[in-house]
Amino acid sequence: MSHAYDFNALEPKWQRHWDEHGTFRAAQPGEPESDAPKFYVLDFFPYPSGAGLHVGHPLGYIATDILARFMRTRGYNVLHPMGWDAFGLPAEQYAVEHGVHPRITTRNNTETYQRQLKMLGLSYDWDRELATCDAEYYRWTQWIFLKIYNSWYDPEYRWTDPAGRPVVGAARPIDKLPIPPDVKAQGPPAIEAYRAEHRLAYLAEVPVNWCPALGTVLSNEEVTNEGRSNRGDQPVYRRPLRQWMLRITEYADRLLKDLEFLDWPEPIKLMQRNWIGRSAGAYVDFAIEGSGPAAGQIIRVFTTRPDTLFGATYMVLAPEHRLVPIITRPERREEVRTYVNQAKQKSELDRTADNKQKTGVFTGAYAVNPVNRKRVPIWVADYVLISYGTGSIMAVPGHDTRDLEFAETFGLEVVAVVKPPTGRDWRGFVDDGVSVNSPPDGEDHFSGQCVLNDLPTPEAKCKLIRWLEERDLGEGTTQYKLRDWLFSRQRYWGEPFPILYGEDGRIVAVDESELPVALPEIEDFRPHASDDPDAQPQTPLSRATDWLTVRRGGEVFRREANTMPQWAGSCWYYLRFCDARNAQALIDPQVERYWMGGKLPDGTPKVGGVDLYVGGAEHAVLHLLYARFWHKVLYDLGVVSTPEPFHRLFNQGMIQAHAFRDPRGMYVEHEKVEFRDNTPYHKETGQALTSAVEKMSKSLKNVVNPDAIIHEYGADTLRLYEMYMGPLEKSKPWNTQDIIGVHRFLQRVWRLVVPPAPEGQAASAPVLNPALGDVRDEHVERLLHKTIKKVTEDIERFAYNTAIAQMIVWINEAAKTKVLARDQVERFLQILSPLAPHICEELWQRLGHKSSIAYAPWPSYDAALTRDDAVEIAVQVLGKIRGRITVAADATDDQIVELARKIEAVARELAGRPIKRAIVARGRLVNLVV
RNA sequence: GGGUCAGUAGCCCAAAUGGCAGAGGCAAGGGACUUAAAAUCCCUCCAGUACGGGUUCGAAUCCCGUCUGACCUACCA
């Protein structure tokens, strides 16, 4: 056996050992080990890109691995799986650019990722590995889509969920949808059409980001601020396309409300709340004045401030509003048409760009404000968006910033209807206040007119809504920013839809028994590019002619040729991990209840199944919202037993790195940088460089490869360093030079057990430290109890950096002591083992243990031994330190004060003045106030 | 423009409910060992907590304002 800490030999040895012995296999319900309480700890699974991992990626994986290993030693049956988010744009884009089939690049990338993760000693149960692009997996993604397609949302449905909570609203099978008699009377096609309108998955014409040069639709993230594709810088156009949509908006309220029960970081909850964007307000109906085609038309607006209705001095329609051409007066028609066309030309981004200047045109038409029967002019302006509310607003320039800007630009009337607290100007005051001029004093135009004067804003809102509702002039309502989920992509590398179209255009869902609808192997998976913005999209699958056409009972059907977005596969993978090889069902119900169920410490059932979910904050909204949505549908349909997928969420910070740039602003690789007098210079050109801490990224040329670090220091050192850098949730810069610190620590741990090789001959010398005996040094033992306590508590709260610091303290003391008991070293190895598993397994074995340290029960500590008998406390006079005293830990306040005032410096300060008050902070300080 | 979080030695970071600003690591300096270097070991140095107010016996911690940085969001009526 080697005397040296040869991490390059022993780390692969233990990784092989764990693999071969199935050390980290999680027991399924029914197996004996499943009697233990379960713990499900999950990482955001990665998208395996071609570049492989850099040291920033595994930060969260290391953190969860430590917790998984810790929980195993605490007697839990731990589910800790890993898989691949393997469908999606980057693989396909790479394939398009390099001519390699995405299946091949994906497999290569996945293998690289797995190799790199195994090198880190992560204790995944690899038997559960999955990839979203495998047919056995996406079969169930398609199955869920069918469930969603075959459901409708019944907002009235009252039921009690498995957790015993009363719930209003549920997804229900489409055949339970009540069909109105008049629809029924029109026969089966009408019934089918009615159902189609209510399904949770439906087809609709919606505006998409269409990039003809790339031949595809792009997601918003793929479109630059200039309205071009972020790859290739090609123009992108907004155009309507018939797309699959998922009715996530039906779940807006439940998605919002259930956030409350989740143990998630507040900022993430806030981001989800903002994204859902619930606002309570009212619809108000304005009648259009005059004769002609516009007569009798109603403009319905949405407002969150019905209390300011008396201040509505004009109205604005979005340029796309259907009433614009109808109400525009002939003399204004030309001007309005020009404006509307201009607005259409502009991209969404141009329109919302921060050019403060408001634009708009007057239509010539007027409407009547229902609350005071005054005429208000109707304008068209692009600051009103067609996609929110009703696409039209009542403008209250007195108390809305945007309306005020517009009114000032066009010289429209501004009136005060809300009185702000004293000292603030009413003009542009948008917060709650007290209603005034509603109506103005002395004006009382008609009987039954609403009077809001002197009412605080919340009450004025209620009163006005009631007034509107009684007269059928509007109603209270709630709006959401959340839109239905656009679910089609004109791409190859994704899940095919299990949908067929008949020759007459009717939609037929593929039967569950026929799943999966396999993605066809096609030669040409490129999208068809064009310079013509009006070119029809041709999806790659639409060219797979054999696949596309299906014959059934003499009828010819055409398959849906779009694919699902990348989010689809990641919406439910946490469920599949529980039962990854089940060929009969997505998940066995008993297995689902075992892994996803559970209770909080106080005994109440948890709303979420995964006990801990760790990943970066960049998926705060989309992935986490989509997964919650799917989970709730599955919950309503009885497939899962918890209302939420992820009980506790933790966001790790980002590892940053120094990025260097030359005077032209080009990034420079680290290898080409040298330091002179702490200033970076280019090694070859000698130019002075600028340095900034930025995100670690290939494009910034500041990535650090884990393979190189592992080769030089070992995986245990890398794991330890990443955890030691700072708090897990914070972003912090990588400094390779700092690694040596934790590496020295591990070297010290090694030498505690294995003595340095004697001069010359290593082979015959003892390989255990002969100093290890059975005598315990009191000081080291006490410090060990303190260390066990601190490490236990710190792991539980994810403060690995301070846990490591405490272990360094212990090793530094232990190394100084000549007397060290074997069991002290063993207990120390146990608390170190979740963080640095390889070295601990090796030393554990060398100390004579036959079984893995991974399941050795976590050592306990004696609280009495963690407390010192005597403590030093500071003595303050009037808050200033004047001296220190050492007292017994259980000294009374009076004893402490007596001792304190005897200190010469303290006595001098007191100078005979009586002590008015003595504040004693136990074990810390005493403050004497005179 | 709005929101969220953060700012402590040259660097990374610690400091329960406010209670002695320092646990730990890196770097730097000195020393021991060595022919020398590396490695190892020992010792030392350095800030008053971004800035300005306030509350308090006492503030890195709480409150207000300002500055800087990161992230989210962006005409959502």
Side-chain angles (χ1 to χ4, degrees), chain A residues 265-268 270-271 274-275 277-279 281 301-305 308 316 318 349 351-356 358 381-385 387-396 400-403 405-406 430 479-483 616-618 620-621 651 653-654 656 658 678 692-695 720-721 724-727 729-745 747-748 751 756 790 793 799 801-809 812 815-816 872-884 916-930:
Chain A
E266 274 312 314
I268 301 293
L270 187 66
M271 281 159 69
N274 290 341
W275 189 264
R278 183 191 147 101
S279 42
V301 302
F302 172 73
T303 177
T304 55
R305 294 296 299 272
T308 62
V316 184
L349 289 147
R351 276 170 62 167
T352 58
D354 43 353
N355 57 45
K356 285 267 172 68
K358 293 270 187 292
D382 65 5
Y383 82 93
V384 172
L385 308 177
S387 55
Y388 184 75
T390 60
S392 49
I393 61 158
M394 63 178 217
V396 184
D400 182 284
T401 317
R402 298 151 300 179
D403 296 344
E405 277 172 26
F406 190 83
V430 297
Q479 290 286 323
Y480 299 90
K481 276 199 266 184
L482 183 69
R483 296 277 93 90
E618 66 274 16
V621 177
N651 294 119
M654 201 188 299
Q656 303 158 310
H658 294 275
N678 280 329
V693 171
E694 295 191 64
K695 173 179 170 177
L720 230 36
Y721 173 63
Y724 192 57
M725 289 171 74
E729 67 278 11
K730 291 222 297 204
S731 292
K732 54 247 158 186
W734 176 272
N735 281 309
T736 299
Q737 61 185 22
D738 287 356
I739 294 176
I740 190 69
V742 284
H743 187 67
R744 283 178 189 145
F745 162 66
Q747 291 278 11
R748 243 169 273 170
R751 285 199 306 274
K790 175 119 182 90
E793 290 168 358
N801 54 333
T802 49
I804 294 167
Q806 181 64 34
M807 287 192 275
I808 293 174
V809 171
N812 288 348
K816 276 186 218 163
E872 190 189 62
I873 64 175
V875 180
Q876 294 183 333
V877 179
L878 285 170
K880 290 211 164 44
I881 302 281
R882 299 297 176 189
R884 290 181 172 75
K916 275 197 225 145
R917 194 140 71 99
I919 293 134
V920 180
R922 271 180 59 95
R924 291 182 173 273
L925 62 64
V926 53
N927 187 10
L928 305 175
V929 184
V930 293

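Naming: A, B, ... by sequence-line order, numbering from 1 per chain.
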Report, one pair per line, the protein and nucleotides 27-31 of chain B atoms (nitrogen or oxygen only) whose separation is under 3.5 Å.
none

What's touching nucleotides 17-20 of chain B from the protein side, N or O pairs under 3.5 Å?
| residue | atom | partner | partner atom | Å |
| --- | --- | --- | --- | --- |
| B:rG19 | N2 | A:N927 | ND2 | 3.4 |
| B:rC20 | O2 | A:R884 | NE | 2.7 |
| B:rC20 | O2 | A:R884 | NH2 | 2.7 |
| B:rC20 | N4 | A:E872 | O | 2.8 |

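The listed nucleotides are B:rC75, B:rA15, B:rC41; the one nearest the side chain of A:R748 is B:rC41. The side chain of A:D382 lies closest to B:rC75 when the candidates are B:rC57, B:rC75, B:rU4. The side chain of A:P727 lies closest to B:rA14 when the candidates are B:rA77, B:rG3, B:rA14. Distance from the side chain of A:N812 is smallest for B:rG25 among the nucleotides B:rC12, B:rA23, B:rG25. For A:Y383, counting side-chain heavy atoms from C-beta on, the closest listed nucleotide (B:rC11, B:rG24, B:rC75) is B:rC75.
B:rC11 atom P lies 14 Å from atom NZ of A:K730, rounded to whole Å.
Remark: A:Y388 pairs with no residue by the ring pair (Phe, Tyr, Trp, His ring centres under 6.0 Å) rule, at least two apart or across chains. With sequence neighbours left out, A:R748 forms a salt bridge (Lys or Arg N to Asp or Glu O under 4.0 Å) with no residue at all. Listed by chain and number, the residues in a side chain to side chain contact (heavy atoms under 4.5 Å, CB included) with A:T802 are A:K790, A:D794, A:R797, A:A799 (sequence neighbours excluded).
For A:K732 against B:rC13, a side-chain-to-base donor-acceptor contact under 3.5 Å is absent. For a distance-only test at 3.5 Å, the side chain of A:Y721 fails to qualify as a donor-acceptor partner of the base of B:rG25.
The P atoms of B:rG52 and B:rU61 are separated by 13 Å, rounded to the nearest whole Å. Of the P atoms belonging to B:rA60 and B:rU8, the separation is 14 Å, rounded to the nearest Å.
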Per-nt protein contacts along nucleotides 67-73 of chain B (heavy atom under 4.0 Å; B base, S backbone sugar-phosphate only, - none) come out as -----SS

